[in-house]
Every structure is written in C-alpha cells, then in structure tokens.
Asks: 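To start, I am sharing the structure in question, which I have written as structure tokens.
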2 protein chains.
Amino acid sequence: MGIHLTEVENAAVVLKLLGDKTRLMIVKLLENNTCCVCEFVEIFQASQPSVSQHLRKLKDAGIVTEERRGQWNFYSLNRDYDYYSLVEQILKQLPNQDHKFKELEENGTRISCC
Amino acid sequence: MGIHLTEVENAAVVLKLLGDKTRLMIVKLLENNTCCVCEFVEIFQASQPSVSQHLRKLKDAGIVTEERRGQWNFYSLNRDYDYYSLVEQILKQLPNQDHKFKELEENGTRISCC
DNA sequence: TCAATATATAATAATATGCTTATATAAAAC
DNA sequence: GTTTTATATAAGCATATTATTATATATTGA
C-alpha cells in the first residue's frame, strides 16, 4: 500500500479494486477455494488476458497470492493482507458462489487442471 | 440499484462508489453526523462543485439522503438503504473521523450553518 | 426588489480504466 | 527440439471518471 496514505485512503484503494464485478466475484470465489486462471475464464466467459489483468491488480495490491504449480498459476486469498479484515467483512455480506464450480463440472467445462 | 443485476454486481456498484477517498470519508463522517456541503468543502479543502458532485453520486445510489433546510442541504446516511449493512460493515473497519469536526471548530473555519 | 449565500448543474478537459488483439514466456508432452 | 497448453504482458482504443470553470437556481436578508 502506498506511503503517506491514511487508513481511510488505503481502504478506498481496496474498495476501488473490489468495486468491479469481475474482481469482486474472483475474490468471493477465492474465499473458499484456490483457483487457476482457466477456471475464471470459464466462469466469467471472459478472455484470458482480461482475467489475467484483473488477477494482477489484485495480486499487486496484496489481496491475493499467486503460486505456480507446473503450467498453472493458482491464486488464493491472502489472509495475511493488511486490510484482510476489511475484505473479509465485505465477503461476508455476499451470497456464497460455490455453485459456480459445480456448474462448471456439470457442463463438463471444468478444465482438468483445477 | 439497476435491474437484472446480481447481488454481487450490486455490491460491486456500492464498493466502486465507496472506492474514492473523498466519498468514503464523506460516508464515514455521516456515520455519526448530519452535514451540509460547506462542511465537506472545508474539511477536504475541495471545490464546492467537486463535493456537490460526489454527494450527488452517493444520493443517486441511495447511500445518503438529502434534506433541504432553508439555504442549506443536509446530508445523512440512509439507514434504510438496501445495501446499508454492507456500508455499515465497511465503516466499522475505518477509524473514527469525528476529530475532523473539532479541527474545524478550533480553526474557526467551521461554517456557522452547521 | 436586490444582493449575498449556499448549492446544483453543465460543459470541458485530463486522466484512469477495462477490454481487445497480438505477442512473449514457460512448462509439459510428444 | 518442436508443439501444445497455460499464462503474462504490451499496445491500442473506447469509455468512464473526476476535477475545473462557468453558470443557474433558490433562499435569505437588507
């Protein structure tokens, strides 16, 4: 988080990052899961670069962490993040989205990596 | 809130609105106070139209309410707002900012209306 | 009625954002 | 080693956002 910013300003940065439907859904899905890029591409029916760019913003901010496993990059919620409690409280207000993963499986579109 | 939007999408709209340091501070200050525009102009050292435009966005979304009293427009947090619990939880994560009002009084810059 | 005060609104310009397309990288499979 | 798969990055463009400047409105008080 930038130097010289107040707590409120830092929080505003976090909220702005979560103030995008794709990123907010990514973070909500990561609440209970570790996912690789391909799953998000399927779930959002979005382009790979678009998803990748959203993930990079979240990673650069420290909200999520990235872990390379072979060909795949797995993303997780960073529970050591300075503003994790803010993120946590926001996620608690949102309905569970884990059915998205089941839909992928049912459609047979769940990529084998994940 | 727009039609056809999911709960997560609606929440993203709220977070985007609060993802601006000026608007987030406005809403935090309104947590315990009812304020008119001139106070915000003083506190933020911002232009009157800038503050007015931020307040309009918050009002249009339903996050705050506006009440005309004579020449002045007083703004309050809308506790009947659909996503008030989300707003409330976010504000709980932020440090109290009521000292801002005391600073105005001490500087003698607190406008008489408020 | 006229001037002052408080505020809203409109127009504009600068900047930021998010997507697409194209390309680069890196690991795995053959 | 060449191809395939998964992903990242870069460039470009369209749109959105925010501040400024100028102006309009509405209330108050002389």
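Letters A, B, ... mirror the listed sequences (proteins, then strands); counts begin at 1.
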Asks: The criterion is side chain to side chain contact (heavy atoms under 4.5 Å, CB included); which residues satisfy it with B/Val27, sequence neighbours excluded?
Replies: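 B/Val27 satisfies side chain to side chain contact (heavy atoms under 4.5 Å, CB included) with B/Leu18, B/Leu58, B/Ile63, B/Leu77, B/Val87, B/Leu91 only.
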Asks: For DNA chain C, just give me the dot-bracket, please: Watson-Crick or G-U, both distances below 3.5 Å, ( ) intra-strand, [ ] crossing earlier pairs, | paired with another strand, . unpaired.
Replies: ||||||||||||||||||||||||||||||
Asks: Find the distance A/Leu24:CG to C/dG18:C1' and express it as a whole number of Å.
Replies: 16 Å
Asks: Ignoring backbone atoms, test whether A/Asn73 places a side-chain nitrogen or oxygen under 4.0 Å from the OP1 or OP2 oxygen of D/dA6.
Replies: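 No.
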Asks: Measure the distance from CG on A/Leu17 to C1' on D/dT17 and round it to the nearest whole Å.
Replies: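 Computing the A/Leu17:CG to D/dT17:C1' distance gives 16 Å.
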Asks: Measure CG/A/Asp60 against P/C/dG18 and give the value in whole Å, please.
Replies: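 It is 13 Å, rounded to the nearest whole Å.
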Asks: Nearest to the side chain of B/Lys16, heavy atoms from C-beta on, is which of D/dA16, D/dA8, D/dA19?
Replies: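 Closest nucleotide to the B/Lys16 side chain: D/dA16.
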Asks: When we call it a touch if two heavy atoms are under 4.0 Å apart, what does B/Tyr75 touch: a base, just sugar-phosphate, or nothing?
Replies: sugar-phosphate
Asks: Using the side-chain heavy atoms of A/His54, tell me which of these nucleotides is nearest: C/dT9, C/dG18, D/dT7.
Replies: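 Minimum distance to the A/His54 side chain belongs to C/dG18.
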Asks: Identify the two heavy atoms, one from A/Gly62 and one from A/Asn78, that lie closest to each other, and give their separation to 0.1 Å.
Replies: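 For A/Gly62 and A/Asn78, the tightest heavy-atom pair comes out as O-ND2, 2.9 Å.
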Asks: Which residues satisfy the side chain to side chain contact (heavy atoms under 4.5 Å, CB included) test with A/Gln71, sequence neighbours excluded?
Replies: none
Asks: Can you tell me the distance, in whole Å, between the CG atom of B/Leu55 and the P atom of D/dT18?
Replies: 13 Å
Asks: Under 3.5 Å, which N/O atoms of the protein pair with N/O atoms of nucleotides 26-30 of chain C?
Replies:
none

Asks: Using whole Å, what does the distance between atom P of nucleotide D/dA8 and atom CZ of A/Phe74 come to?
Replies: 12 Å
Asks: Find the distance B/Leu15:CG to C/dT17:C1' and express it as a whole number of Å.
Replies: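 These atoms are roughly 17 Å apart.
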Asks: What are the residues of residues 43-51 of chain B, sorted by number, that bring a heavy atom to within less than 4.0 Å of DNA chain C?
Replies: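 Residues of residues 43-51 of chain B under 4.0 Å from DNA chain C: B/Gln48, B/Pro49.
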Asks: Restricting to pairs with a member in residues 22-32 of chain A, which pass side-chain hydrogen bond (donor to acceptor under 3.5 Å, both in side chains), not counting sequence neighbours?
Replies: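 Non-adjacent pairs meeting side-chain hydrogen bond (donor to acceptor under 3.5 Å, both in side chains): A/Arg23-A/His54, A/Lys28-A/Glu31, A/Asn32-A/Asp98.
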Asks: Sequence neighbours excluded, which residues qualify as side chain to side chain contact (heavy atoms under 4.5 Å, CB included) partners of A/Glu67?
Replies: A/Arg69
Asks: Mind checking side chain to side chain contact (heavy atoms under 4.5 Å, CB included) for B/Lys16 and listing every partner two or more places apart, or none if nothing turns up?
Replies: none
Asks: Return the set of residues passing side-chain hydrogen bond (donor to acceptor under 3.5 Å, both in side chains) with B/Gln93 (not counting sequence neighbours), or none when no residue passes.
Replies: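 B/Gln93 satisfies side-chain hydrogen bond (donor to acceptor under 3.5 Å, both in side chains) with A/Ser85 only.
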Asks: Using the side-chain hydrogen bond (donor to acceptor under 3.5 Å, both in side chains) criterion, which residues pair with A/Glu66? Sequence neighbours excluded.
Replies: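 Once residues adjacent in sequence are excluded, the partners of A/Glu66 under the side-chain hydrogen bond (donor to acceptor under 3.5 Å, both in side chains) criterion are A/Lys59, A/Tyr75.
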Asks: Between C1' on D/dT17 and CD on B/Gln53, what's the gap in Å once rounded to a whole number?
Replies: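 Spelled out: CD on B/Gln53 to C1' on D/dT17 is 11 Å.
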Asks: Using atom CD of A/Glu67 as one end and atom P of D/dA8 as the other, report the distance to the nearest whole Å.
Replies: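 Between P of D/dA8 and CD of A/Glu67: 13 Å.
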Asks: With heavy atoms under 4.0 Å as the rule, sort A/Lys57 into base, sugar-phosphate or nothing.
Replies: sugar-phosphate
Asks: According to side-chain hydrogen bond (donor to acceptor under 3.5 Å, both in side chains), who are the partners of A/Thr34, at least two apart in sequence or on a separate chain?
Replies: A/Ser76
Asks: Which pair of non-hydrogen atoms, one from A/Leu15 and one from B/Gly19, has the smallest distance, and what is that distance?
Replies: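 So the two residues come closest at CB-CA, 3.7 Å.
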Asks: Do the side chain of A/Gln89 and the main chain of A/Leu86 share a donor and acceptor less than 3.5 angstrom apart?
Replies: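 Judged by distance alone, no pair lies under 3.5 Å.
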Asks: Could you tell me whether the side chain of B/Glu66 has a donor or acceptor atom within less than 3.5 Å of a complementary atom in the base of C/dT7?
Replies: no
Asks: Can you list everything that forms a salt bridge (charged side-chain N to carboxylate O under 4.0 Å, His left out) with A/Lys100? Sequence neighbours excluded, please.
Replies: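 By the salt bridge (charged side-chain N to carboxylate O under 4.0 Å, His left out) rule, A/Lys100 matches no residue at all.
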